[in-house]
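Start at 1 with the first residue, then count along the sequence.
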Amino acid sequence: MIYLDNAATSWPKPEPVYDAVSDALRRGGNPGRGESEKARAAATDIIEARSVLAELFHIADPNRIVFALNATDAINLALQGMLKPGDHVITSQMEHNAVTRPLAYLEDAGVMVTKVTTDPVKGVDLDELRQAFRPETKLVVMAHASNVTGALNPIEEVGAICREHKVPFLVDAAQSAGAIPIDVVKMNIDLLAIPGHKSLLGPTGTGALYVSETVSPKPLRSGGTGVFSEVRLQPEQLPYYYEAGTQNTVGIAGLCAGVRYILEKSVSSIYHEEQKMIQRLLDGLVSMPEVTVYGPLQSPRAAAVSFNIEGMDCADVAMILETYYDISVRSGLQCAPDTHRMLGTFDMNGTVRVSPGLFTTDEEIDAFLNAISEIIKG
């Protein structure tokens with residue numbers, strides 16, 4: 001099978017990830033719950049995972065990395081922990097449901113939401129963003145990269161604008177963490193939501209939220225932490241303030257191995273190689289008159305590439321690729337209806353999304369392009 005659905009979850013994983021998951025599961029142990037060798041080893045896995053994530057994103061204090069169920073869980077912690085009725089939040093037009101649905105619930109509860117005009121190639125309109133701030137604005141939230149078009153928002157510029165207005169900045173890095181360099185200090189990011197299972201190469205059910213010194217969201221959950229058991233309420237020390245209950249130690253061990261693999265290769269190297277591959281894919285699709293490609297046609301961009309074939313439903317294209325060519329892609333709205341409304345593809349049932357990853361080869365890209373050419377010819 002040719003797997004081109006890495007925007008959903010990366011596959012395959014590096015061998016050290018499989019080994020780390022297996023080792024942690026076979027070893028056992030509950031971090032912070034006991035003095036056994038197993039418990040200490042499990043705690044070490046958690047500490048090491050925080051350390052490598054901090055290194056990857058240029059975070060000075062690893063304890064400011066809070067583990068979550070996934071990026072959506074991290075985003076919910078940030079949004080629900082930072083906003084209350086009467087507050088105003090600014091976002092973009094190309095957000096995933098991981099952002100838009102929590103905001104919809106908050107809006108129904110009295111939070112005011114502004115969606116800034118977003119270009120499918122250039123990203124959010126910075127002039128409109130500047131004009132969107134109000135005295136009640138308490139947060140700006142947006143994706144680093146669109147999961148539909150691969151378009152990048154100008155995160156560093158947005159972060160600088162947020163600093164000028166003294167408003168915290170939350171970034172959804174679901175499509176960029178591990179594939180595109182991120183520096184939370186340089187980019188003025190106060191809250192960074194990351195999934196473990198995409199370009200960080202870890203297992204599903206893992207993720208994290210970086211919480212800077214400038215913000216303090218209210219926790220979503222409370223309960224056992226393994227330390228400070230005498231305290232009546234959730235201990236305010238990080239990361240315990242946000243991490244109630246037993247951690248996904250097995251998954252986090254795998255995530256740690258994935259991030260180590262990335263650090264050894266370097267994000268810059270991964271980024272440059274991936275950009276070459278994406279350009280090969282884009283050039284091939286654009287050369288076919290029957291194909292419409294949505295989003296940037298040149299680097300820099302993320303690996304999610306969406307297109308449609310004239311006269312064909314996107315679901316049919318994906319089905320043909322799977323059935324006759326053993327190529328896995330994704331069709332539909334990709335959990336981002338606002339983006340498809342912006343593109344004009346909402347009433348077309350969405351697009352075909354193809355997303356290469358770290359282990360995709362040029363030969364696989366060429367095989368995909370040949371399949372598309374044959375599908376067009378019928």
Side-chain angles (χ1 to χ4, degrees), residues 9-10 13-14 16-17 19-21 23-24 31-32 41-78 98 143-145 155 159 169-215 217 237-243 246-271 357-358:
T9 192
S10 59
K13 309 294 184 181
V17 174
D19 292 341
V21 169
D23 291 346
T44 298
D45 284 345
I46 303 292
I47 292 168
E48 290 182 356
R50 287 193 219 279
S51 178
V52 294
L53 285 167
E55 182 179 351
L56 184 64
F57 299 116
H58 303 272
I59 295 166
D61 181 2
N63 285 327
R64 305 206 75 86
I65 295 169
V66 177
F67 287 113
L69 303 174
N70 42 51
T72 299
D73 188 45
I75 290 167
N76 272 268
L77 167 56
H144 190 177
I155 293 300
F169 184 30
L170 164 61
V171 174
D172 171 7
Q175 297 299 326
S176 59
I180 299 173
I182 296 175
D183 185 325
V184 297
V185 177
K186 183 179 179 182
M187 295 178 169
N188 296 304
I189 297 172
D190 299 287
L191 296 150
L192 181 72
I194 58 174
H197 68 103
K198 298 190 181 188
S199 292
L200 291 182
L201 308 177
T204 52
T206 60
L209 178 70
Y210 160 65
V211 181
S212 77
E213 298 87 345
T214 61
V215 294
Q237 291 88 342
L238 266 62
Y240 311 111
Y241 192 44
Y242 303 109
E243 293 183 350
T246 297
Q247 295 282 42
N248 178 9
T249 308
V250 172
I252 293 171
L255 172 58
C256 183
V259 176
R260 286 192 187 282
Y261 187 89
I262 292 166
L263 288 171
E264 289 172 4
K265 293 183 72 70
S266 89
V267 178
S268 294
S269 174
I270 292 171
Y271 172 73
L358 181 60

(message) Less than 3.5 Å apart, any donor N or O on the side chain of Ser212 or Thr214 sitting next to an acceptor on the other?
(response) yes
(message) Can you give me the closest heavy-atom contact between Gly254 and Val21, atom names plus distance?
(response) CA-CG2, 3.7 Å
(message) Does any part of the side chain of Cys256, heavy atoms only, come nearer than 4.5 Å to the side chain of Asp45, both counted from C-beta?
(response) no
Can I get a per-line list of side-chain donor-acceptor pairs under 3.5 Å for residues 181-188, giving both atom names and the distance, sequence neighbours left out?
unit_1: Asp183; atom_1: OD1; unit_2: Val185; atom_2: N; d: 3.0
unit_1: Asp183; atom_1: OD1; unit_2: Lys186; atom_2: N; d: 3.1

(request) Can you spot which of Val211, Leu192, Leu53 makes a side-chain contact (heavy atoms from CB on, under 4.5 Å) with Ile65? (result) Leu53
(request) Give the minimum heavy-atom separation between Pro217 and Tyr241, together with the two atoms involved. (result) O-CE2, 3.6 Å
(request) Output yes when a side-chain donor or acceptor of Arg50 lies under 3.5 Å from a complementary backbone atom of Pro62, and no otherwise. (result) no
(message) Can you give me the closest heavy-atom contact between Tyr271 and Ala179, atom names plus distance?
(response) CB-O, 3.3 Å
(message) Please give me the minimum heavy-atom distance between Leu191 and Ile189, naming the atom from each residue.
(response) O-CG2, 3.3 Å
(request) Identify, with sequence neighbours excluded, every residue that meets side-chain hydrogen bond (donor to acceptor under 3.5 Å, both in side chains) alongside Thr44. (result) none
(request) Calculate, to the nearest 0.5 Å, the distance between atoms CD1 and CD belonging to Ile46 and Gln247 respectively. (result) 5.5 Å
(request) Give, for atom OG of Ser51 and atom CD1 of Ile59, the distance between the pair rounded to the nearest 0.5 Å. (result) 11.0 Å
(request) Rounded to the nearest 0.5 Å, what's the gap from CD1 on Ile47 to CD1 on Ile252? Could you check? (result) 11.5 Å
(message) Using every non-hydrogen atom in the two residues, find where His144 and Ile155 come nearest and quote the distance to one decimal.
(response) CD2-CG1, 3.3 Å
Do any side-chain atoms of residues 193-210 form donor-acceptor pairs under 3.5 angstrom with protein atoms, and if so which ones, sequence neighbours left out?
unit_1: His197; atom_1: ND1; unit_2: Thr9; atom_2: OG1; d: 2.8
unit_1: Lys198; atom_1: NZ; unit_2: Ala7; atom_2: O; d: 3.0
unit_1: Thr206; atom_1: OG1; unit_2: Pro203; atom_2: O; d: 2.7

(request) State, yes or no, whether a side-chain contact exists between Leu255 and Phe67 at a heavy-atom distance under 4.5 Å. (result) yes
(message) Check whether Tyr261 reaches the backbone of Lys13 with its side chain - one donor and one acceptor, N or O, closer than 3.5 Å.
(response) no
(request) Would you check if Ile262 and Ile270 make a side-chain contact, meaning some heavy-atom pair closer than 4.5 Å? (result) yes
(message) Are there over 12 heavy-atom neighbours, none belonging to Tyr240, within less than 6.0 Å of that residue's OH?
(response) no
